[in-house]
Amino acid sequence: MSVVEQVQALITNPAFHDYLAILKGARNGLVYGVKVRFPHALVMAILFGRGDWKNRATSIFRATKQHALNLAKFVTLYKTFLLVQKKANGGKERSSDTFFAGLLGGYLVFGERTAINEQIVLYVVSRVVASFIPRSTSSYSAGGVAPAAGKPLPPDSRSFTVFAALSWGAVMWLFQNRGQTIQPGMFNSMTYLYRDSDTWKDLKTLLWHNT
């Protein structure tokens, strides 16, 4: 058997599946983190960055690196904790395993308050809160047809309208009255949109340059 065939046999061996899944999860976390953070960091550096382009490039690299590594670490720990619990329970998975795995992974990876971690945690929180909106009876892709079990359902349209209105009302009130409580990245974006657009000195600062 050639080396290639040996490797193929190893990676397709069910006995190693759970361990290789941890490795693949780390890889996917790293790639996804780069894809998500790099464009965001690039835009923020262009719009709101300070200093020369060397410093801005450094900040983009650091933000992308931290986001990607943290996601890779979390996926690795999450899958590892799931596997440990499964083995401790005689090879059986329990519904609570995901909660405890996520709890430990979140504490170890995202427990330190940094700007990147705060953004990620707030993103997760928003999805958790939004999950309590009543659901529609049809799936995202099948108009009016009941989806298969476990397939995501979009929010009920009327409930989502109320949720969206309350969300925007709340965030605009916070921006005006308690801006210090808003996440910095969002605060900068809102300042650019709603405050910087109120002032200009000439045609250049009206149509081309912000200040």
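For reference, positions follow the sequence shown, starting with 1.
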Review point. Are F48 and Y192 close enough that their ring centers fall under 6.0 Å?
Key: yes
Distance-minimising heavy-atom pair for [X] and [Y]:
{"X": "A130", "Y": "R135", "result": "O-NH2, 3.0 Å"}
{"X": "T98", "Y": "S95", "result": "OG1-O, 3.3 Å"}
{"X": "T64", "Y": "A41", "result": "OG1-CB, 4.4 Å"}
{"X": "S159", "Y": "I133", "result": "CB-CG2, 3.7 Å"}
{"X": "V36", "Y": "P39", "result": "O-CD, 3.6 Å"}
{"X": "Q183", "Y": "E118", "result": "CG-OE2, 4.3 Å"}

About how many Å separate [atom2] of [Y] and [atom1] of [X], when rounded to the nearest 0.5 Å?
{"X": "N117", "Y": "T114", "atom1": "CG", "atom2": "OG1", "value": "3.5 Å"}
{"X": "K35", "Y": "N28", "atom1": "NZ", "atom2": "CG", "value": "9.0 Å"}
{"X": "T80", "Y": "Y19", "atom1": "OG1", "atom2": "OH", "value": "10.5 Å"}
{"X": "S167", "Y": "M172", "atom1": "OG", "atom2": "CE", "value": "13.0 Å"}
{"X": "I11", "Y": "H17", "atom1": "CD1", "atom2": "NE2", "value": "11.5 Å"}
{"X": "K79", "Y": "K24", "atom1": "NZ", "atom2": "NZ", "value": "9.5 Å"}

Do [X] and [Y] sit in the same hydrophobic cluster, where Ile, Leu, Val, Met, Phe, Trp and Tyr count as joined when their side-chain heavy atoms come under 4.5 Å apart?
{"X": "L30", "Y": "L71", "answer": "no"}
{"X": "V121", "Y": "I116", "answer": "yes"}
{"X": "L166", "Y": "V171", "answer": "no"}
{"X": "L203", "Y": "W200", "answer": "yes"}
{"X": "I182", "Y": "Y194", "answer": "yes"}

Are any of the side-chain heavy atoms of [X] and [Y] separated by less than 4.5 Å?
{"X": "M186", "Y": "S189", "value": "no"}
{"X": "Q119", "Y": "R37", "value": "yes"}
{"X": "V7", "Y": "L10", "value": "no"}
{"X": "Y32", "Y": "V75", "value": "no"}
{"X": "I120", "Y": "F74", "value": "no"}
{"X": "F187", "Y": "F175", "value": "yes"}
{"X": "I22", "Y": "L83", "value": "yes"}
{"X": "K86", "Y": "K92", "value": "no"}

Practice item. For R62, look at atom CZ and say whether over 12 heavy atoms of other residues, nucleotides or ligands are found less than 6.0 Å away. Key: no
Review point. Taking NZ, NE, NH1 and NH2 as the nitrogens, is one of them in D18 or K87 under 4.0 Å from a carboxylate oxygen of the other?
Key: no
Exercise for review: Determine, step by step, whether L108 and K73 satisfy the side-chain contact (heavy atoms from CB on, under 4.5 Å) criterion, reporting the C-alpha distance in whole Å, the side-chain angles of both residues, the deciding distance to 0.1 Å, and the verdict.
Suggested key: CA-CA 9 Å; L108 293 173; K73 290 175 185 176; over 6 Å; no
Review point. Residues in ring pair (Phe, Tyr, Trp, His ring centres under 6.0 Å) with Y107, at least two apart?
Key: none
Exercise for review: Carefully, step by step, assess N89 and Q85 under the rule side-chain contact (heavy atoms from CB on, under 4.5 Å).
Suggested key: CA-CA 6 Å; N89 194 43; Q85 292 179 96; over 6 Å; no
Review point. For F81 and L77, what are the C-alpha separation, side-chain angles and deciding distance, and is it a side-chain contact (heavy atoms from CB on, under 4.5 Å)?
Key: CA-CA 6 Å; F81 290 143; L77 289 173; 4.0 Å; yes
**Study point:** side-chain contact (heavy atoms from CB on, under 4.5 Å) assessment of W173 paired with R178
**Key:** CA-CA 8 Å; W173 183 90; R178 296 186 60 200; 3.8 Å; yes
